[in-house]
Amino acid sequence: MGRSELERLSREELIELVLRLQRPEKTSRTSSKPPASDRKEQRAQSKPGGAKPGHEGHSRVLSADPAMIVEHRPEACTCCGRRLHAALPAVIVSVSEQIELPAVAPIVTQHQRLAVRCPSCGEQGVAPVPEAARGTPFGPRLHAVATDLKTFQALSYERLQAALSDLFGLTLSQGGLMNLLRRAQGRFRPGRDAAVAALRRAEVVACDETGVRIEGSNAYHWIFHSAQAVVHTASPTRGAVVVREMMDGHRPAVWISDRYTAQQGHADEHQTCLAHLARDVAYVVEVSDDPVPWRLQLWLGSVFALAERVTDLAVSTLAAKRRSLDRQLGAILTTPSRCDLTRDLQAKISRARDQLLVFLAYPGKVEPTNNGSERLLRPAVVQRKVTNGYRAMWAAEGEAAIRTVVDTARLTGSSPFSTVLKTIGA
């Protein structure tokens, strides 16, 4: 804005402009910005980490099946010096463990085809090509280790190549690694299809997305999850077409997401993420003296407190509390305000008013926030930051299939590597 434009502003407009310029920047506490974007001085003033006073400590659990037990007995009495015979009874006073990894070397099985000449007719017979020589020379566990390191430890091809060389003495080219990973990713497609089928039968579905670079262009990593399945998918667009293709006509009872337009209208009811709204409210409370945002913050606090015990209350009680909370919210939203931020906040919440307390009608099945989706997306975000995305779409789609199978298996308690190994070795 130039000088001439400023001179034409009224006194009230100038005051409003100055107030806007004085507003603090949004942080991870008052917006959806990641914590890493906060200023260093703000982090320096934060509370120290670590255990708080009074916290009960935890120690490492001892092994239930040690490979070797070594008993250390005293040889003589420390009082009189008499020798303590080995046949005397003893009690354990303490146990300590020493843990070491064995040296790991690849097991190479060499298959040699032999030819034998017949002594009768002189014809030379050659052994058929063994099954082990028909495919890749790399076994299932090597495929699983490389897949785990590339997908869940976010190693680049160069670092993966170095890790396999340093840890296992294996020399593989980056092209060989690419072929290995591509073969491994293909084994996850049936599991991915099964997870998608389960998602399309779900009563409650939550969804979110984050940006990613694929083939040098901006794209998106989507997450869909229910109580039975977790589905990751890569797409060049952030539009609602991704949701429609994923759900294939299935319309859940409840959809959980933020207020992004592409996430709207895919279920009978919609639960808006209250954590997003809470951050918006926190920002207005921080920069404004208006009492309305403070009342909204107290109202959200009551909602979150109710959410913690939603499964302990009767349906009739939840219905009554929902009506009470809705009346309180109505009074807050209709309160006049001179603050533009407050009015914008009131308008935003008014548009989502029928989506704020849906979780009370589905105790234990619907969460009031979409934090579950954000937690499932976080490893993909870390991978993006470390590797800067994917060179090819097949790599993004293949990794999405791996994460789909692994995260779905986590719902039943399976560990990531055991799932990867089981899938590749099937």
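Every heavy atom of this structure was used, including side-chain atoms; hydrogens, water molecules and symmetry mates were not.
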Practice problem: List the steps and the verdict of side-chain contact (heavy atoms from CB on, under 4.5 Å) for H266 and M247. | Solution: CA-CA 9 Å; H266 302 297; M247 302 313 296; 5.8 Å; no

Practice problem: Begin from the C-alpha positions of L155 and V386 and carry the test side-chain contact (heavy atoms from CB on, under 4.5 Å) through to its verdict. | Solution: CA-CA 8 Å; L155 297 188; V386 173; over 6 Å; no

Exercise. Take W222 and V243, measure what side-chain contact (heavy atoms from CB on, under 4.5 Å) needs, and give me the verdict at the end.
Key: CA-CA 9 Å; W222 287 74; V243 181; 3.7 Å; yes

Practice problem: Verify side-chain contact (heavy atoms from CB on, under 4.5 Å) between N371 and E367, making sure each step is shown before the conclusion. | Solution: CA-CA 9 Å; N371 292 344; E367 294 293 326; over 6 Å; no

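Inspection of the Q328 and R295 side chains reveals no N or O donor paired with an N or O acceptor under 3.5 Å. For R213 and N388, the side-chain atoms include no donor-acceptor pair closer than 3.5 Å. A donor-acceptor contact under 3.5 angstrom links the side chains of Q264 and Q355, judged on distance only. Side-chain polar atoms of E209 and Y260 form no donor-acceptor pair below 3.5 angstrom. Looking at S288 and D290, their side chains never bring a donor and an acceptor atom within 3.5 Å of each other.
One distance of note links OG1 of T317 with NZ of K321; it measures 7.5 Å at 0.5 Å rounding. Atom-to-atom distance recorded for T419:OG1 and D148:CG is 10.5 Å, nearest 0.5 angstrom. Separation of atoms OG1 (T147) and NE2 (H143) is listed at 7.5 Å; rounding is to 0.5 Å. Distance check, rounded to the nearest 0.5 Å: NE2 of H250 to CZ of R201 gives 9.5 Å. The distance from the OG1 atom of T272 to the NZ atom of K348 is 9.5 Å, given to the nearest 0.5 Å. Taken from CE in M246 to SG in C207, the straight-line distance is 8.5 Å, to the nearest 0.5 Å.
Within the 4.5 Å cutoff, no side-chain heavy atoms of K150 are placed close to those of Q153. Residues P363 and L313 are not in side-chain contact: their nearest non-hydrogen atoms beyond the backbone lie 4.5 Å or more apart. The side-chain heavy atoms of I256 and T369, taken from C-beta on, include no pair separated by under 4.5 Å. Side chains of H225 and V205 form no contact here, defined as non-hydrogen atoms less than 4.5 Å apart. Residues L318 and R322 fail the side-chain proximity criterion, which asks for heavy atoms closer than 4.5 Å. Side-chain contact between V406 and T423 is absent, with no heavy-atom pair separated by less than 4.5 Å. Between T233 and I223 the shortest side-chain heavy-atom distance does not fall below 4.5 Å. Using a 4.5 Å cut-off on side-chain heavy atoms (C-beta onward), R327 and R323 make contact.
E399 and R403 are joined by a salt bridge, as a carboxylate oxygen and a charged side-chain nitrogen come within less than 4.0 angstrom of each other. Between E203 and K365 there is a salt bridge, since a side-chain N of the basic residue sits under 4.0 Å from a carboxylate O of the acidic one. Using a 4.0 Å cut-off between charged nitrogen and carboxylate oxygen, D407 and R410 count as a salt-bridge pair.
For R189, the CZ atom counts as loosely surrounded, since its 6.0 Å shell holds 12 or fewer non-hydrogen atoms of other residues, nucleotides or ligands. Residue-environment remark: CD (Q383) exceeds the threshold of 12 foreign heavy atoms within 6.0 Å. Around CZ of R338, the count of heavy atoms belonging to other residues, nucleotides or ligands within 6.0 Å does not exceed 12. Heavy-atom neighbours of I107 CD1 from other residues, nucleotides or ligands within 6.0 Å: at or below the threshold of 12. For D312, the CG atom is densely surrounded, since the number of other residues' heavy atoms within 6.0 Å is greater than 12. Atom CD of E97 has more than 12 neighbouring heavy atoms from other residues, nucleotides or ligands inside a 6.0 Å radius. Few gaps surround CZ on R259; more than 12 heavy atoms of other groups in view lie less than 6.0 Å from it.
Of all heavy-atom pairs spanning R159 and A154, the tightest one is NH1-O, 3.7 Å. Taking each heavy atom of R60 and I99 in turn, the nearest pair found is NH1-CD1, 3.6 Å. In this structure, H111 and A132 approach most closely via the heavy-atom pair NE2-CB, 3.5 Å. Residues A396 and I214 share a closest heavy-atom pair of CB-CD1, 3.7 Å. Listed here is the closest heavy atom pair of W294 and V285: N-CG2, 3.7 Å. Residues F304 and A275 come closest through the heavy atom pair CZ-N, 4.2 Å.
Of the possible donor and acceptor atoms, one in the side chain of Q346 sits under 3.5 Å from a partner among the backbone N and O of T335. Of the possible donor and acceptor atoms, one in the side chain of Q271 sits under 3.5 Å from a partner among the backbone N and O of L356. R384 places a side-chain N or O within donor-acceptor distance of the main-chain N or O of G211, the cut-off being under 3.5 Å. T404 contributes a side-chain N or O that, together with a main-chain N or O of A400, makes up a donor-acceptor pair within less than 3.5 Å. Listed for the S302 side chain is a donor-acceptor partner under 3.5 Å among the backbone atoms of L298.
Test H221, R192, E397 against H232 for side-chain hydrogen bond (donor to acceptor under 3.5 Å, both in side chains) and you get one pass: H221. Each of N179, L172, L177 was evaluated against F138; a single residue qualifies, L172, per the side chain to side chain contact (heavy atoms under 4.5 Å, CB included) test.
Residues satisfying the side chain to side chain contact (heavy atoms under 4.5 Å, CB included) test with A144, not counting sequence neighbours, are F417, V420, L421, I424. The side chain to side chain contact (heavy atoms under 4.5 Å, CB included) check on A229 picks up A195, A198, S226, T408, with sequence neighbours excluded.
Using cut-offs of 30° and 60° for the angle between ring planes, the F224 and W255 rings count as perpendicular.
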